[in-house]
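Naming: A, B, ... by sequence-line order, numbering from 1 per chain. Because the structure is a prediction, the values reported are computed rather than measured.
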2 protein chains.
Amino acid sequence: MADKDNSVNMVREGAKAAYHHGDLRAAVIAAGLARLEAGDGAELGLRALARDVGVSATALYRHFPDKEALLDALADEGLRRLGRLQTRAWTEAGGGAAGFKATGIAYVRFAHDAPALFRLSFTRQMPERQGEGRDDGGAVAYGLLRAGVGEMLPGAPDGDAAALHAWALVHGLAMLILDRRIAWDEDRVAAVVGLTFGGVG
Amino acid sequence: MADKDNSVNMVREGAKAAYHHGDLRAAVIAAGLARLEAGDGAELGLRALARDVGVSATALYRHFPDKEALLDALADEGLRRLGRLQTRAWTEAGGGAAGFKATGIAYVRFAHDAPALFRLSFTRQMPERQGEGRDDGGAVAYGLLRAGVGEMLPGAPDGDAAALHAWALVHGLAMLILDRRIAWDEDRVAAVVGLTFGGVG
DNA sequence: CTCGTCATGTTTACAGTGACAACATGGCGG
DNA sequence: CCGCCATGTTGTCACTGTAAACATGACGAG
């Protein structure tokens with residue numbers, strides 16, 4: 001009658017299940033992403049996450065030192081996806097001014113489409129040793145941004161400021177939309193982004 | 001020896017303490033702000049907050065339906081402070097282009113100076129009934145922004161887009177700084193903000 | 001084949017959290 | 001004087017992240 005205890009036990013139903021999972025970690029990350037994609041306020045606790053995979057909660061500690069590390073892994077995957085979306089938008093628009101603008105819009109759209117993942121990805125604070133060889137998933141996104149700015153404004157007096165300006169603009173739009181300060185409206189976003197990113201749309 | 005139990009009891013030391021606090025709620029909010037100002041990752045739990053005020057944890061439920069409501073109150077105060085800082089920056093700079101720019105910089109500086117409070121203020125999602133007479137603390141800030149844009153660009157083709165553009169820019173900068181994506185550097189911020197807000201600095 | 005090793009997963013347990021119900025306190029109006 | 005009732009307290013619950021001890025089974029050495 002161990003009913004009142006705060007057990008972390010999971011109920012194994014299928015006798016099929018092997019003792020070792022094969023590739024937990026990957027499975028956990030997948031489950032986490034799925035949970036993030038389903039609902040903005042999706043709460044992902046260790047127990048819930050572990051149950052999704054069909055494993056006991058503490059098993060996750062064999063693959064992540066603590067919950068923070070798990071969230072970091074999810075965040076990194078989020079940045080990776082964002083980078084992919086941006087590169088695709090760039091190429092599909094044929095590069096140049098239109099491509100650069102498309103990149104910015106893709107950034108905001110990603111935030112709108114996957115709010116929880118976007119928020120998680122950027123809310124996670126950068127590690128303290130940030131100077132050196134950061135190989136964050138976000139590196140792709142930022143590299144693309146710099147490249148875009150370089151192509152857009154070859155002789156800009158302050159390329160750095162311009163790049164930061166563009167980034168801050170789309171990031172701000174994304175955040176304001178996520179926090180429901182403003183409503184999602186692709187045309188409006190395009191108009192605002194066009195003010196800085198140039199291009200006619 | 002009720003030592004192992006998960007009691008919510010607080011240890012009253014002074015016999016001085018009156019049974020009724022007088023003005024809890026205000027005291028709780030003050031304590032919450034103090035806790036937010038001390039450290040970025042300041043954790044504010046009900047028990048800790050209640051202990052600061054010298055009251056039992058569940059007493060807070062007499063003044064706030066739940067923790068969310070408490071956080072909402074703190075968030076509102078944060079927006080209110082932000083609005084005050086912006087108006088002051090505006091007047092101190094003498095209005096006009098310089099004042100508008102100062103307003104933007106004040107926004108980012110506030111985020112840097114009170115990171116936890118800023119984040120809390122904007123992370124709190126707007127209530128669903130957002131259309132009508134929102135009397136959020138943020139109303140001041142946005143009104144100021146619109147006024148600034150109106151003064152700056154009287155005949156702008158798309159004043160709405162310009163206002164949103166300015167807001168998103170400073171909000172994005174603030175968020176990127178909070179999440180340590182970029183470092184706080186007032187000169188750099190001023191340069192970036194100057195690109196949109198005009199003014200020579 | 002048998003055995004030991006070792007990564008992986010499970011049990012049990014603990015301290016902490018937000019929240020609710022039942023009870024205590026004491027100021028204020030009839 | 002007395003009872004009402006807003007305010008504060010005690011006890012308890014379900015839940016969380018996490019650590020320690022234990023179980024399982026794949027795999028290489030003798």
Legend entry - Closest-nucleotide ordering on DNA chain C, the 5'-leading residue of A/H63 and B/P65: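 The answer here is A/H63.
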
Euclidean distance, atom [atom1] of residue [X] to atom [atom2] of [N] [Å, nearest integer]:
X	N	atom1	atom2	value
A/R62	D/dT18	CZ	C1'	12 Å
B/Y61	C/dC20	OH	C1'	9 Å
B/R47	D/dT10	CZ	P	13 Å
B/F64	D/dG8	CZ	P	11 Å
A/L44	D/dC15	CG	P	17 Å
B/L46	D/dA14	CG	P	19 Å
A/K67	D/dC15	NZ	P	15 Å
B/L60	C/dG18	CG	P	10 Å

Legend entry - Salt-bridge present (B/E68, B/R124; N to O < 4.0 Å):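 Salt bridge flag = yes for B/R124 with B/E68.
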
Inset, instruction - Establish, yes or no, whether a centroid distance under 6.0 Å links the rings of A/H112 and A/Y107. - result: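 Centroid separation for A/H112 and A/Y107: 6.0 Å or greater.
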
Inset, instruction - Not counting sequence neighbours, which residues clear salt bridge (Lys or Arg N to Asp or Glu O under 4.0 Å) with A/R81? List them please. - result: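 Testing A/R81 for salt bridge (Lys or Arg N to Asp or Glu O under 4.0 Å), a comparison that skips the adjacent residues, returns A/E37, A/E77.
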
Inset, instruction - Decide yes or no, distance alone: a donor-acceptor N/O pair under 3.5 angstrom between the base of D/dT10 and the side-chain of B/T58. - result: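 Donor-acceptor pair under 3.5 Å: yes.
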
Legend entry - Nucleotide nearest B/V55 when distance is taken to its side chain, options C/dT11, D/dG8, D/dT18: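 Ranking C/dT11, D/dG8, D/dT18 by closest atom to the B/V55 side chain puts D/dG8 first.
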
Inset, instruction - Could you walk me through whether B/R181 and A/F122 pass the side chain to side chain contact (heavy atoms under 4.5 Å, CB included) test, one step at a time? - result: CA-CA 8 Å; B/R181 250 48 217 201; A/F122 281 98; 4.2 Å; yes

